[in-house]
Amino acid sequence: MFELRRVSAGYGGHVVLRDVTLKVPPGSVVALLGANGAGKTTLLRVASGLVRPFAGQLLLDDRDVTGLRPHRLVEAGVCHVPEGRGVFPSLTVRDNLRMHCLAGREEEMIAKAIDIFPSLGRRIGALAGTMSGGEQQMLALARAYIQNPRLALLDEVSMGLAPVVVDEIFRFLEILAKEGASLLLVEQYVTRALAIADYVYLLNRGEVRFVGEPDELEGSDIFKEYVGVE
Ligand code: ATP
């Protein structure tokens, strides 16, 4: 179980998240919704240790991991795929993957990446920056996947991509969840996110406005008010 407990956080003196409690049970998919600027990206940054909360705690299996640096959280199985992907454009696909491989297991882990996204195999020697947006996103997701994350933090991973690529990415997310990872998902395709989510949180101006199962949210006035219709 991953939990943010009564977290307040922001940048400098600017408070973005206020007293946010959010739980990601093992093996579950949690969708995090909210209008632009609601604090979704900030919440994922807190969860991955990039932003240290002003108050509150981060708990991983009841262990207090508040204030651990991002690489320590990665070692604990928390994997962040940030908005904008974070791939290294001047490195090849292989080298981008290699950076996330364990010593002695490179070939096996690269094979796993190609198995999940075959198009990466066809571009393995290409510079990442020369690939399409969709291929770069697949690379970013494959880097997370080969690390066998316990918790994947996914920030708008389908943003700006062609529908066929979005389909492939959602198929991937379902595989990742079936293989046992927990997912915390920020997603512009609200209906698709809710279709694979076990639980949903709706943030409004940095506060949790709704927690529940997708069915409870869909059709509610809160949903129409804050998320609108896709
Ligand atoms: P979006 O859907 O637009 O990405 P979001 O819900 O992810 O929105 P955040 O990106 O977390 O929201 O931003 C929440 C608030 O924090 C906004 O007011 C934003 O301007 C501010 N903010 C985000 N990043 C920084 C930063 N690095 N420094 C200062 N303020 C920031």
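Values in this document were obtained by computation on a predicted structure and should not be read as measured data. Both counts, for ligands and for their atoms, begin at 1 and track the order of listing. Sequence positions, counted from 1, serve as the residue numbers for this chain.
For the pair Lys112 and Tyr145, the cation-pi criterion (under 6.0 Å, within 45° of the ring axis) is fulfilled.
Shown here for Gln147 and Cys79, the closest heavy-atom pair between the two residues is NE2-SG, 3.6 Å. Nearest heavy-atom pair across Leu161 and Gly133 is CD2-C, 3.6 Å.
Leu22 and Val211 fall within the same hydrophobic cluster, where Ile, Leu, Val, Met, Phe, Trp and Tyr residues are linked whenever their side-chain heavy atoms come under 4.5 Å apart, directly or through other members.
In this structure, Gly10 does not count as a contact residue of ligand 1, since none of its heavy atoms falls inside 4.0 Å of the ligand. The shortest separation from a heavy atom of Gln188 to ligand 1 is not under 4.0 Å, leaving the residue out of contact. Within the structure, the closest approach of Gly34 to ligand 1 does not fall below 4.0 Å when heavy atoms are considered.
Considering backbone and side-chain atoms alike, Val16 places every N or O at 3.5 Å or more from each N or O of ligand 1.
Aromatic pair Phe172/Phe117: centroids less than 6.0 angstrom apart.
The backbone and the side chain of Thr42 each have at least one atom closer than 4.0 Å to an atom of ligand 1 (non-hydrogen atoms only).
No hydrogens or angles considered: a donor-acceptor pair under 3.5 Å links the side chains of Glu187 and Ser158. No side-chain donor from either of Ser8 and Asp19 sits under 3.5 Å from a side-chain acceptor of the other. Gln57 and Thr66 are not linked by any side-chain donor-acceptor pair at a separation below 3.5 angstrom, with hydrogens and angles left out of the test.
The protein heavy atom nearest to atom 18 (O) of ligand 1 is His14 NE2, 3.8 Å. In terms of protein heavy atoms, atom 23 (C) of ligand 1 is closest to Tyr11 CE1, 3.5 Å. The single protein non-hydrogen atom nearest to atom 10 (O) of ligand 1 is Thr41 CB, 3.5 Å, given as residue, atom name and distance. Protein heavy atom closest to atom 12 (O) of ligand 1, with residue, atom name and distance, is Gly39 N, 3.2 Å. In this structure, atom 8 (O) of ligand 1 lies nearest to the protein heavy atom Gly37 N, 2.8 Å. Closest protein heavy atom to atom 5 (P) of ligand 1: Lys40 N, 3.5 Å.
Distance check on atom 27 (N) of ligand 1: some protein heavy atom falls below the 4.0 Å cut-off. For atom 14 (C) of ligand 1, a protein heavy-atom neighbour is present inside the 4.0 Å cut-off.
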* To do: For the pair Leu44 and Leu184, evaluate side chain to side chain contact (heavy atoms under 4.5 Å, CB included) and give the outcome as yes or no after the intermediate values.
  => CA-CA 8 Å; Leu44 294 192; Leu184 180 54; 3.6 Å; yes
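Residue Glu83 approaches ligand 1 through these ligand atoms, each under 4.0 Å from one of its heavy atoms: 4 (O). Atoms of ligand 1 lying under 4.0 Å from at least one heavy atom of Ala35, given by number and element, are 6 (O).
Side-chain N or O atoms of Arg98 include none that pairs as donor or acceptor with a backbone N or O of Val93 at under 3.5 Å.
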